[in-house]
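In what follows, a structure is listed as structure tokens, so that the remarks can point back to it.
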Amino acid sequence: MELFDRLIKNGKYWIRFELGLIQLGGKAYFEEIYHRATTIINSLFDKNDEILMINCTSNHIDYKKVDSPRIMRFIRNNNMIYGLKCKTVPFEFDEEDIEMETKQYSLKVKKDDIRLHYLIQSMANKDFSLKPRVNGSLYLLNLTKEIVFHMYDDRGCDVYSFDKEKLLPLYTNFRNWILDYDRIKIDRKFEQGLFNIYETSKEMEERLELNKKKVKETGINLFQVNTCYITHKLEIPKECVEECLNEMTQTGFEIHFEQKDNDSISVSASKLEALALIDYQSELMALYSKKYKGKYNGWSVIKAF
């Protein structure tokens with residue numbers, strides 16, 4: 001478990017992937033989650049890798065009831081229960097909180113031992129009144145490759161490693177699944193994409209102030225449901241537009257373009273998302289504009305619901 005603790009706390013390289021897409025509904029929503037999660041797991045775990053399945057549950061230190069995470073339902077062979085281990089550790093979300101504690105249940109398995117569809121379904125249902133549903137937090141630690149996979153709920157999953165090269169194929173092959181909110185930080189970890197592209201302090205201050213003003217003008221309450229269709233406009237020089245579009249189409253935004261004049265192309269990037277997240281969106285677009293020697297012309301919004 002020492003390896004697990006070091007990876008979660010000190011894993012230098014990590015990627016956060018978006019699984020549930022807000023624009024999808026019902027069965028299609030969960031099908032996309034299963035497709036993405038399965039693809040990522042299959043990319044990280046080989047048939048012969050040693051895997052430690054870890055299920056963490058947290059309660060008050062005075063809580064006496066034993067809440068078994070029922071980890072064996074995720075395994076094909078019930079006889080493997082004899083390898084199940086449990087230990088009590090400091091509260092996983094705040095080690096300084098001495099009134100809470102976490103129990104870590106762990107079991108060594110191989111990939112073929114796992115009921116993968118059932119496992120992913122249980123993690124996706126975590127925040128819904130649906131069954132099956134995982135109790136607590138569940139992690140898959142690849143002991144062979146020293147990588148951790150953690151699907152925190154239907155929205156997304158995290159992958160951790162000490163070695164950039166072990167995650168680089170995942171970063172390269174599934175860049176369009178990376179959570180846009182964390183894309184800038186992740187690009188800088190892998191020294192690609194928007195790596196080394198920065199705003200000046202003045203540019204950031206002006207952008208944030210303009211966002212604040214425009215949000216106020218919309219009259220949309222950010223403390224209530226504020227899901228919107230947000231569209232950003234960029235003006236990119238013709239000689240840079242092909243490379244720019246190649247990169248931007250690997251994000252979660254819908255990209256369209258049209259010729260503005262003989263020298264530049266107008267690019268629009270749209271996404272269905274909470275208006276409360278406009279600051280990260282506008283930063284992304286401002287940096288893409290700067291990288292490709294263009295101009296960011298701001299955003300417009302239409303309330304979705």
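These numbers were taken from a predicted model, which means no experiment stands behind them.
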(Q) Between L140 and M53, is there a side-chain heavy-atom distance shorter than 4.5 Å? (A) yes

Q. How far apart are the C-alpha atoms of K293 and E239, what are their side-chain angles, what is the distance that settles it, and do they pass the side chain to side chain contact (heavy atoms under 4.5 Å, CB included) test?
A. CA-CA 10 Å; K293 301 178 177 60; E239 64 270 19; 5.8 Å; no

Q | Residue pair S137 / N55: nearest heavy atoms and the distance that separates them | A | O-ND2, 3.2 Å

Q: Test side chain to side chain contact (heavy atoms under 4.5 Å, CB included) on I41 and L116 and set out the steps.
A: CA-CA 9 Å; I41 290 172; L116 192 55; 3.7 Å; yes

**Q.** Side-chain ion pair, R155 and D153, N-O less than 4.0 Å
**A.** yes

Q. Are side-chain heavy atoms of R6 and F162 found at a separation under 4.5 Å?
A. yes

Q | Single-linkage hydrophobic cluster Y118~L130, side-chain heavy atoms < 4.5 angstrom | A | yes

Q: Calculate, to the nearest 0.5 Å, the distance between atoms CG and CD1 belonging to L245 and I255 respectively.
A: 7.5 Å

Q.
With a 6.0 Å cut-off (strictly less than), is the heavy-atom count around CD of E242, excluding the residue itself, greater than 12?
A. no

Q. Any side-chain heavy atom of V267 sitting closer than 4.5 Å to one from Y288?
A. no

(Q) To the closest 0.5 Å, what do you measure between CE (M151) and CZ (F17)? (A) 13.5 Å

Q. Would the number of heavy atoms belonging to other residues, nucleotides or ligands and lying under 6.0 Å from CD of E205 be above 12?
A. no

Q: Count the heavy atoms of every other residue, nucleotide or ligand shown that sit under 6.0 Å from CZ of F257, and state whether that count exceeds 12.
A: no

Q | Minimum heavy-atom distance between R133 and F128, given as atom pair plus value | A | NH1-O, 3.2 Å

Q: Would you indicate whether the side-chain heavy atoms of C56 and Q104 approach each other to under 4.5 Å?
A: yes

Q) Is there a side-chain contact between F30 and N125, using heavy atoms and a 4.5 Å cut-off? A) yes

(Q) With a 3.5 Å distance limit and no angle check, can you tell me whether D158 reaches the backbone of H150 through a side-chain donor-acceptor pair? (A) no

**Q.** Sequence neighbours excluded, every pair satisfying ring pair (Phe, Tyr, Trp, His ring centres under 6.0 Å) that has a member inside residues 168-189
**A.** H35-W177, Y171-F190, F174-W177, Y181-Y280

Q. Is I220 reachable from Y229 through a run of I, L, V, M, F, W or Y residues, each pair having side-chain heavy atoms under 4.5 Å apart?
A. no

(Q) Please check: side-chain N/O of K271 versus main-chain N/O of H232, any donor-acceptor pairing under 3.5 Å? (A) no

(Q) To the nearest 0.5 Å, what is the distance between NZ on K303 and OG1 on T227? (A) 7.0 Å

(Q) Between the side chains of E209 and K213, is the shortest nitrogen-to-carboxylate-oxygen separation below 4.0 Å, so that they form an ion pair? (A) no

Q) CG of D49 to CG of N142: how many Å apart, nearest 0.5 Å? A) 4.0 Å

**Q.** Minimum heavy-atom distance K214-S300, with the two atoms named
**A.** NZ-N, 4.3 Å

Q) Considering residues, nucleotides and ligands other than E217, do more than 12 of their heavy atoms fall under 6.0 Å from its CD? A) yes

Q | Note: K145-D46 ion pair, threshold 4.0 Å (strictly below) | A | yes

Q: Verify the cluster assignment for Y34 and V134: are they in a single hydrophobic cluster under the rule of side-chain heavy atoms below 4.5 Å apart?
A: yes

Q) Does R188 reach the main-chain N or O of I197 with its side chain, forming a donor-acceptor pair under 3.5 Å? A) yes

Q. Would T231 and W299 count as a side chain to side chain contact (heavy atoms under 4.5 Å, CB included) if you check the C-alpha gap in whole Å, the side-chain angles of each, and the deciding distance to 0.1 Å?
A. CA-CA 5 Å; T231 299; W299 51 271; over 6 Å; no

**Q.** Residues, nucleotides or ligands: over 12 heavy atoms within 6.0 Å of K164 NZ
**A.** yes

Q.
Any heavy-atom pair between the side chains of K238 and I265 that's under 4.5 Å?
A. yes

Q.
Donor-acceptor pair, distance only, cut-off 3.5 Å: does the side chain of E247 make one with the backbone of E243?
A. no

Q) Taking everything shown except I81 itself, do over 12 heavy atoms lie less than 6.0 Å from its CD1? A) no

Q.
For residues F91 and Y152: do they belong to one hydrophobic cluster (side chain heavy atoms under 4.5 Å, members Ile, Leu, Val, Met, Phe, Trp, Tyr)?
A. no

Q) Of the non-hydrogen atoms in L7 and S161, which two are nearest, and what is the gap between them? A) CD2-CA, 3.7 Å

Q.
I'd like to check M72 versus M80 (side-chain heavy atoms, cut-off strictly below 4.5 Å). Are they in contact?
A. yes

Q: Could you tell me which non-hydrogen atom of E199 sits nearest to which non-hydrogen atom of E283, and how far apart they are?
A: OE1-CG, 3.9 Å

Q | The single option from Y160, F4, F149 passing ring pair (Phe, Tyr, Trp, His ring centres under 6.0 Å) against Y139 | A | F4

Q.
If you count heavy atoms of other groups shown closer than 6.0 angstrom to CD1 of I302, is the number above 12?
A. no

Q) At what distance, to the nearest 0.5 angstrom, does CG of L107 lie from CG of L52? A) 7.5 Å

Q. So, K110 and D113, do they make that salt bridge, N to O below 4.0 Å?
A. no

Q: Tell me, with the steps shown, if E203 and R207 meet salt bridge (charged side-chain N to carboxylate O under 4.0 Å, His left out).
A: CA-CA 6 Å; E203 287 170 339; R207 176 178 56 79; over 6 Å; no

Q | Heavy atoms of other groups near K108 NZ, more than 12 under 6.0 Å | A | no

Q. How about M248 and F253: do any of their side-chain heavy atoms sit closer than 4.5 Å?
A. no

Q. Atom OG in S268, atom CG in N297: separation rounded to 0.5 Å?
A. 12.0 Å

Q.
Using a 3.5 Å distance criterion without hydrogens, assess whether the side chain of D180 forms a donor-acceptor pair with backbone atoms of G252.
A. yes

Q. What do the steps show when you test L194 against R183 for side chain to side chain contact (heavy atoms under 4.5 Å, CB included), and what is the final call?
A. CA-CA 8 Å; L194 291 172; R183 186 174 296 276; 5.6 Å; no

Q) Checking K47 side chain against D112 main chain: does a donor-acceptor pair fall under 3.5 Å? A) no

Q: State yes or no: do L168 and I178 share one hydrophobic cluster built from I, L, V, M, F, W and Y residues joined by side-chain heavy-atom distances below 4.5 Å, directly or via other members?
A: yes

Q) So which of L138, L19, D154 actually passes side-chain contact (heavy atoms from CB on, under 4.5 Å) with M123? A) L138

Q. What are the two closest heavy atoms between I75 and I71, and how far apart are they?
A. CG1-O, 4.0 Å

Q | Heavy-atom donor-acceptor pair, S106 side chain to I54 backbone, under 3.5 Å | A | no

